[in-house]
> 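Let me give you the structure first, and then I'll get to my questions.
Since we're looking at a predicted model, the values are computed, not measured. To find a chain, count down the sequence lines: A is the first, B the second, and so on, and within it residues start at 1.
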2 protein chains.
Amino acid sequence: MAIHKLEEFGKKEQHLASFAKAMGHPARIAILKVLAQRSECVCGEIVNVIPLAQATVSQHLKALKEADLIQGTIDGPKSCYCINWKTIEKFYTEFNTLFSKLQEGKLKSCC
Amino acid sequence: MAIHKLEEFGKKEQHLASFAKAMGHPARIAILKVLAQRSECVCGEIVNVIPLAQATVSQHLKALKEADLIQGTIDGPKSCYCINWKTIEKFYTEFNTLFSKLQEGKLKSCC
DNA sequence: AATATTTATCGTAAAAATACGATAAATGAA
DNA sequence: TTCATTTATCGTATTTTTACGATAAATATT
């Protein structure tokens, strides 16, 4: 029974883990890169660039959206996605904090 | 058919995604924190700290080991885990690179 | 109005992740 | 030697992820 006992862990761990999970697929990293490169909000291009079916790409976009890493507005038949810089930076900060904390232990580490 | 088309993506994306995936669970982040805090290689303590069954913790340790984020040597009935700083730092660098690349696009971004 | 285009969602299938109890393997202690 | 301790692995169940075709919904285009 894969009862996910996530509630047992600290909020920080949960939050960071959910970010990491959202970036835990090359397609989603690739999507972020594409979105970052464009000067305007991106519509269909993503599907052409990512080597996956349109439905699958849409699913990955949904995952990124649910992690709040990107924003999307529906604009008629075309939809418009762009990076949510606020969340990206938050993630970056949280990761830096974790790494700093880990590094503290490095000094007294035996291996 | 969940054929994982990972080979279609760049090596960089794949590598970073596999790191992120390994950190995509609060238990594994918690384990890394515990390992980093200790001055000596850690044996059984982890199971006592993580609110999961021994078998499950062992599975998470295996995942971290496969991602090369930790090292483990069997030492009789006790096993000895410690952080693989080399990999942690590699991961940190790769993430920084990605964020820098993403940030480049921020300047010309519309939203 | 009819057709084409774009994208989200539905349905489905297979694989991977999550979790745990039970057990085996290895060693230390009695 | 026998028993206790520790940890990995096996077996199993459930959930989640990944992927795609088909379809629906919304809007251009003709």
> So which nucleotide from dT18(D), dT9(D), dC20(D) ends up closest to the side chain of Ala53(A)?
dC20(D)
> Checking all strands, does Lys65(A) fall into the base, sugar-phosphate, or nothing category for heavy-atom contacts under 4.0 angstrom?
nothing
> Side chains of Leu98(A) and Met23(B): closer than 4.5 Å at any heavy-atom pair?
yes
> In whole Å, what is the span from the CG atom of Leu64(A) to the C1' atom of dA8(C)?
15 Å
> Provide, to the nearest angstrom, the distance between the CD1 atom belonging to Ile50(A) and the C1' atom belonging to dT18(D).
15 Å
> Side chain of His25(B) only, heavy atoms from C-beta on: which candidate in dC20(D), dT18(C), dG21(C) is closest?
dT18(C)
> Rounded to the nearest Å, what distance is computed from the CD1 atom of residue Ile70(A) to the P atom of nucleotide dA8(C)?
9 Å
> Show the nearest heavy-atom pair for residues Leu102(B) and Leu32(A), with the distance to one decimal.
CD2-O, 3.5 Å
> Restricting to ring pair (Phe, Tyr, Trp, His ring centres under 6.0 Å), what partner residues turn up for Phe99(B), sequence neighbours left out?
Phe91(A), Tyr92(A), Phe95(B)
> How many angstroms lie between CD in Gln103(A) and CG in Asn96(A), if you round to the nearest 0.5 Å?
11.0 Å
> For Glu66(A), what residues pass the side-chain contact (heavy atoms from CB on, under 4.5 Å) criterion, not counting sequence neighbours?
Lys62(A)
> For residues 54-61 of chain B, which residues have at least one heavy atom under 4.0 Å from DNA chain D?
Gln54(B), Ala55(B), Ser58(B)
> Select one nucleotide: of dA16(C), dA8(D), dT9(D), the one nearest the side-chain heavy atoms of Ser79(B).
dA8(D)
> What is the distance, to the nearest angstrom, from the CD1 atom on Ile46(A) to the C1' atom on dT7(C)?
11 Å
> Can you tell me the distance, in whole Å, between the CZ atom of Arg28(B) and the C1' atom of dA16(C)?
12 Å
> Drop me the distance from Leu69(B)'s CG to Ile29(B)'s CD1, to the nearest 0.5 angstrom.
10.5 Å
> Distance check needed: dT18(D) C1' versus Met23(A) CE, whole Å only.
18 Å
> Please give, in whole Å, the distance from dT6(C) P to Glu45(A) CD?
12 Å
> Is the distance from OP1 or OP2 of dT6(D) to the nearest side-chain N or O of Tyr81(B) less than 4.0 Å?
no
> So, does Lys21(B) get its side chain near the phosphate of dA16(C), meaning an N or O under 4.0 Å from OP1 or OP2?
no
> So does Phe9(B) get a backbone contact from the side chain of Gln14(B), meaning a donor-acceptor N/O pair under 3.5 Å?
yes
> Could you check how far CG of Leu52(A) sits from P of dA8(C), rounded to whole Å?
15 Å
